[in-house]
Amino acid sequence: MAIINAPKGVPDYVPPRSRDFLSVQERLSSTARLSGYEYIELPVFESTELFERGVGTSTDVVQKEMYTFTDRGDRSITLRPEGTAGVMRAVIENRLDKGPLPVKLWYRGPFFRAERPQHGRYRQLQQVGVEAIGSSDPIIDAEVIALADQAYRSLGLKEFHLDVTSLGCLHCRPAYRLKLQEFLATCDLDQQTKERASVNPLRVLDDKRESVSTQLVDAPLMIDSLCDQCQDHYDQVREFLRLFGVKWNEAPRMVRGLDYYTRTTFEFVHPGLGAQSGIGGGGRYDGLMAELGGSELSGIGFGLGVDRTLLACEAEGLTPLSESILDVFIVPVGVESRVPCVSLLFALRAVGIAADVCVDNRSIKSAMKAANNTNAPLVIILGPDELSSKTVVVKNMASGEQQSLTNEKASLIPALQQALLTLQADPAKPEPEKPEPEKPETKKEAQS
RNA sequence: GUGGGUGUAGCUCAGCUGGUAGAGCGCUGCGUUGUGGUCGCAGAUGCCGCGGGUUCAAGUCCCGUCACUCACCCCA
């Protein structure tokens with residue numbers, strides 16, 4: 001029988017790597033959760049019109065990357081390619097924009113873009129995002145950027161950098177746009193790029209092809225054409241970033257792929273991912289909510305790519321992010337001890353100790369091997385001897401030490417909790433007998 | 001949508017100008033009567049991506065096809 005493959009370009013995360021995926025997702029979102037953002041759960045499909053109007057029909061995302069289909073009621077539906085438009089729709093529809101401001105929300109989940117897959121680029125991608133709606137205070141721009149910066153640092157990432165620029169506003173950008181178009185008209189560009197120059201000239205600045213970029217060294221930049229308000233806003237954002245200790249690069253040619261961005265835009269870039277180096281980004285979108293029929297509220301937010309952030313962690317050698325999903329593994333010896341073992345198992349789980357048990361009546365040797373494979377720091381052995389003496393054997397897998405403890409919840413569970421705390425604070429070396437003469441280079445290679 | 005690369009054991013890969021399919025890791029068992037990780041010994045596992053062609057003979061050469069992958073455009 002032929003096996004069925006996953007659709008092109010969608011990632012599977014299987015153990016043990018799925019643990020790291022979850023850790024990345026949880027750590028990125030806990031940063032938002034701990035920063036006053038409320039969770040918002042949204043549908044993964046929306047009316048196609050939402051993205052056409054919100055993201056913009058001139059964008060590549062809308063023009064060629066959306067998964068769009070007609071449902072049974074003849075409605076045009078699209079799997080969401082990004083998060084902000086859906087959040088705005090929900091905020092308007094649920095009247096959150098009429099309540100206390102700013103509305104601060106976070107979300108996570110899958111997004112879909114029908115692109116040609118590549119390292120770090122998938123047709124189903126996972127993001128964690130935040131949106132702060134209803135304030136145009138530049139301090140919130142800086143706070144949002146610092147939040148993303150903090151989220152990455154909480155994973156231990158160090159090698160990323162942050163690009164920041166201002167795209168101006170609805171007042172100063174049109175004039176700049178004309179100026180840029182005049183400049184681009186003097187350049188030698190291919191047909192497709194010419195079309196882009198007429199529809200969305202800013203995006204031409206971002207072209208990485210040398211034949212194009214060499215012609216653009218003297219192109220006018222938005223950053224030099226900001227109106228007084230935008231200039232002031234941008235100056236303040238940068239001043240706050242300085243005060244918050246966030247390091248960034250001025251990136252006047254950076255253009256983001258979505259039409260709604262105004263003023264502050266930013267992108268986090270990691271060098272370890274190959275061509276798809278953006279691990280997250282965002283910006284301010286001052287006209288979006290009104291465009292979607294809501295209040296005239298400005299907003300700012302970001303989306304952080306979970307898939308790419310995981311790749312970044314791997315590139316920096318930070319994985320595995322957790323050693324084991326278990327605290328305790330229980331090894332029964334002989335059939336009579338199976339039920340007592342499972343009773344103990346339930347008691348441990350009930351107090352929040354992650355525990356599993358060996359099944360299939362395996363030999364103690366085989367069961368210990370299974371225990372070792374789980375990486376659980378503690379193993380409990382319970383057989384005929386322990387049953388008759390009402391004890392269990394608790395083995396520290398790192399040190400190999402084991403001790404006999406009375407099998408009574410009141411004393412055993414606190415003892416286990418204490419042992420786990422001690423191990424967490426001061427994990428024993430993996431191989432205390434060996435002084436580990438290996439060279440660090442060899443070890444690094446073996447890991448990567 | 002355009003271009004390059006790769007498909008051989010569970011994983012990473014070797015296999016020369018065609019001649020009966022290999023390594024390391026992992027896995028299973030044994031060395032231990034109730035103890036894993038280290039060490040030693042033994043063992044299992046392959047439609048060599050799929051279809052066709054050339055040949056006495058194809059993992060190897062040719063054609064097609066599918067899949068994966070990297071890059072361009074663009075993006076998380």
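All values below were derived from every heavy atom in this structure, side-chain atoms included, with hydrogens, water molecules and symmetry-related copies excluded.
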Student: Just checking, is any N or O donor in the side chain of Y13(A) or D20(A) under 3.5 Å from an acceptor N or O on the other one?
Tutor: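 No pair is found: no donor N or O on one side chain lies under 3.5 Å from an acceptor on the other.
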
Student: For R17(A) and U12(B), what is the distance between atoms CZ and P respectively, to the nearest whole Å?
Tutor: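 After rounding, the reported distance stands at 13 Å.
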
Student: Please state whether the base of C73(B) and the side chain of R116(A) form at least one donor-acceptor pair under 3.5 Å?
Tutor: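 It does not, because no donor-acceptor pair links the side chain of R116(A) to the base of C73(B) below 3.5 Å.
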
Student: For T264(A) and S166(A), which I'm curious about, is there any donor-acceptor pair between the side chains at under 3.5 Å?
Tutor: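 No pair is found: no donor N or O on one side chain lies under 3.5 Å from an acceptor on the other.
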
Student: Which whole number of Å gives the distance between the C1' atom of G7(B) and that of C11(B)?
Tutor: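 Between the two C1' atoms, the distance is 15 Å.
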
Student: Send over the distance from R123(A) CZ to A76(B) C1', rounded to a whole Å.
Tutor: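 Checked: the CZ to C1' distance equals 16 Å.
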
Student: Once you round it to whole Å, what is the distance between C1' of C74(B) and CZ of R113(A)?
Tutor: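 Rounding to the nearest Å, CZ of R113(A) and C1' of C74(B) are 9 Å apart.
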
Student: I'd like a table of atom pairs between the protein and nucleotides 26-35 of chain B - only N or O on both sides, under 3.5 Å - with the distance next to each one.
Tutor:
| residue | atom | partner | partner atom | Å |
| --- | --- | --- | --- | --- |
| G34(B) | O6 | D385(A) | N | 2.8 |
| G34(B) | O6 | D385(A) | OD1 | 3.1 |
| G34(B) | O6 | D385(A) | OD2 | 2.7 |
| G34(B) | O6 | E386(A) | OE1 | 3.3 |
| G34(B) | N1 | E386(A) | OE1 | 2.8 |
| G34(B) | N1 | E386(A) | OE2 | 3.0 |
| G34(B) | N2 | E386(A) | OE2 | 3.3 |
| U35(B) | O2 | K395(A) | NZ | 2.9 |
| U35(B) | O2 | Q402(A) | OE1 | 3.4 |
| U35(B) | N3 | Q402(A) | OE1 | 3.0 |
| U35(B) | N3 | Q402(A) | NE2 | 3.3 |
| U35(B) | O4 | Q402(A) | NE2 | 2.9 |

Student: Which value, in whole Å, describes the distance between the P atoms of nucleotides C16(B) and G53(B)?
Tutor: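 Rounded to whole Å, the distance is 25 Å.
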
Student: If pairing requires Watson-Crick or G-U wobble contacts with both distances under 3.5 Å, which nucleotide is the partner of G43(B)?
Tutor: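 Its partner is C27(B) (Watson-Crick or G-U wobble, both distances under 3.5 Å).
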
Student: Can you say whether a donor on the side chain of R121(A) sits under 3.5 Å from an acceptor on the base of A76(B), or the other way round?
Tutor: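 No.
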
Student: What's the gap between A58(B) and G19(B) when it is taken at their P atoms, as a whole Å value?
Tutor: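 That atom pair is separated by 11 Å.
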
Student: Looking only at N and O atoms, is any donor in the side chain of E115(A) or the base of A76(B) less than 3.5 Å from an acceptor on the other one?
Tutor: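 In this structure, the two groups form a donor-acceptor pair.
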
Student: For the pair D356(A) and R349(A), find out whether any cationic side-chain nitrogen is under 4.0 Å from an anionic carboxylate oxygen.
Tutor: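 Between R349(A) and D356(A) there is a salt bridge, with a charged N closer than 4.0 Å to a carboxylate O.
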
Student: Give one of base, sugar-phosphate or nothing for G334(A), where a contact means two heavy atoms less than 4.0 Å apart.
Tutor: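 Nothing: the residue G334(A), judged by heavy atoms under 4.0 Å, touches no strand.
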
Student: Which comes earlier along RNA chain B counting from the 5' end, the contact point of Q276(A) or that of A6(A), where each point is its nearest nucleotide?
Tutor: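 Closer to the 5' end of RNA chain B: A6(A).
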
Student: Between U8(B) and G46(B), how far is it from one P atom to the other, in whole Å?
Tutor: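 Taking atom P in both U8(B) and G46(B), they lie 15 Å apart.
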
Student: Would you say E82(A) and Y260(A) are linked by a side-chain donor-acceptor pair, where the criterion is simply a distance under 3.5 Å?
Tutor: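 Side chains of Y260(A) and E82(A): pair found under 3.5 Å.
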
Student: Do other residues, nucleotides or ligands put more than 12 heavy atoms under 6.0 Å from the CD atom of Q181(A)?
Tutor: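 Yes.
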
Student: What is the base-pairing partner of C61(B), counting Watson-Crick and G-U wobble geometry with both distances under 3.5 Å?
Tutor: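 Because both required distances fall under 3.5 Å, C61(B) counts as paired with G53(B).
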
Student: Paired with U2(B): which nucleotide, if any, by Watson-Crick or G-U wobble criteria at under 3.5 Å for both distances?
Tutor: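 Looking at the geometry, U2(B) pairs with A71(B).
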
Student: Check R238(A) with E250(A), please: is the shortest side-chain N to carboxylate O separation under 4.0 Å?
Tutor: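 Salt bridge between E250(A) and R238(A), a charged N being under 4.0 Å from a carboxylate O: yes.
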
Student: Would you mind telling me which of G36(B), C72(B), C68(B) lies closest to the side-chain atoms of K8(A)?
Tutor: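 When the side chain of K8(A) is considered, C68(B) is the closest of G36(B), C72(B), C68(B).
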
Student: Side chain of R308(A), base of C75(B): donor and acceptor closer than 3.5 Å?
Tutor: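 Present.
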
Student: Please report the C-alpha distance between V333(A) and L382(A) in whole Å, then the side-chain angles of each, then the deciding distance to 0.1 Å, and finally whether the side-chain contact (heavy atoms from CB on, under 4.5 Å) criterion is met.
Tutor: CA-CA 6 Å; V333(A) 183; L382(A) 206 176; over 6 Å; no

Student: What interatomic distance, in whole Å, is found between P of U54(B) and the corresponding atom of U45(B)?
Tutor: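 Comparing P positions in U45(B) and U54(B) gives a spacing of 34 Å.
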
Student: For F244(A), look at atom CZ and say whether over 12 heavy atoms of other residues, nucleotides or ligands are found less than 6.0 Å away.
Tutor: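 Count over threshold, so yes.
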
Student: For R256(A) and A76(B), is the shortest distance between a side-chain N/O and OP1 or OP2 below 4.0 Å?
Tutor: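 Checking A76(B) against R256(A), a side-chain N or O does come within under 4.0 Å of OP1 or OP2.
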
Student: Distance from Q127(A) atom CD to S29(A) atom OG, nearest 0.5 Å?
Tutor: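 Going from CD on Q127(A) over to OG on S29(A), the span is 13.0 Å.
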
Student: Given the C1' atoms of C73(B) and G4(B), what is the spacing between them in whole Å?
Tutor: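 Here C73(B) and G4(B) have their C1' atoms 16 Å from each other.
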
Student: Rounding to an integer number of angstrom, what distance separates C48(B) and U32(B) when you compare their C1' atoms?
Tutor: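 Looking at atom C1' only, C48(B) and U32(B) are 41 Å apart.
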
Student: Round to the nearest Å and state the distance from Q118(A) atom CD to C70(B) atom C1'.
Tutor: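 Between C1' of C70(B) and CD of Q118(A): 7 Å.
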
Student: For Y107(A) and A76(B), give me the distance from atom OH to atom C1', rounded to whole Å.
Tutor: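 Rounding to the nearest Å, OH of Y107(A) and C1' of A76(B) are 10 Å apart.
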
Student: Of G305(A) and A275(A), whose nearest nucleotide on RNA chain B comes first from the 5' end?
Tutor: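 Upstream on the strand: A275(A).
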
Student: How long is the line joining CG of L273(A) and P of A71(B), in whole Å?
Tutor: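 Distance check: L273(A) CG to A71(B) P gives 10 Å.
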
Student: List the steps and the verdict of ring pair (Phe, Tyr, Trp, His ring centres under 6.0 Å) for Y152(A) and F268(A).
Tutor: CA-CA 9 Å; Y152(A) 290 127; F268(A) 290 87; 5.1 Å; yes

Student: So, for Y285(A) and Y261(A), is the gap between ring centers shorter than 6.0 Å?
Tutor: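 No, ring centres 6.0 Å or more apart.
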
Student: Starting from P on A76(B), measure out to CE on M66(A) and report it in whole angstrom.
Tutor: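 So the two atoms are 15 Å apart, to the nearest Å.
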
Student: Pairs under 3.5 angstrom, nitrogen or oxygen only, protein versus nucleotides 8-10 of chain B, please.
Tutor:
none

Student: Any side-chain N or O of R203(A) less than 4.0 Å from the OP1 or OP2 oxygen of C75(B)?
Tutor: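 Looking at the OP1 and OP2 atoms of C75(B), one of them is under 4.0 Å from a side-chain N or O of R203(A).
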
Student: Check if the side chain of N372(A) and the base of G37(B) share a donor-acceptor pair of N or O atoms closer than 3.5 Å.
Tutor: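 Flag unset: no donor-acceptor pair detected.
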
Student: In whole Å, measure the gap between the P atoms of A57(B) and G64(B) for me.
Tutor: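 Per the computed distance, 23 Å lies between those P atoms.
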
Student: Roughly how far apart are L378(A) CG and L423(A) CG, rounded to 0.5 Å?
Tutor: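 L378(A) atom CG to L423(A) atom CG measures 5.5 Å (nearest 0.5 Å).
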
Student: Between Y122(A) (OH) and C74(B) (C1'), how many Å, whole number?
Tutor: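 So the two atoms are 17 Å apart, to the nearest Å.
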
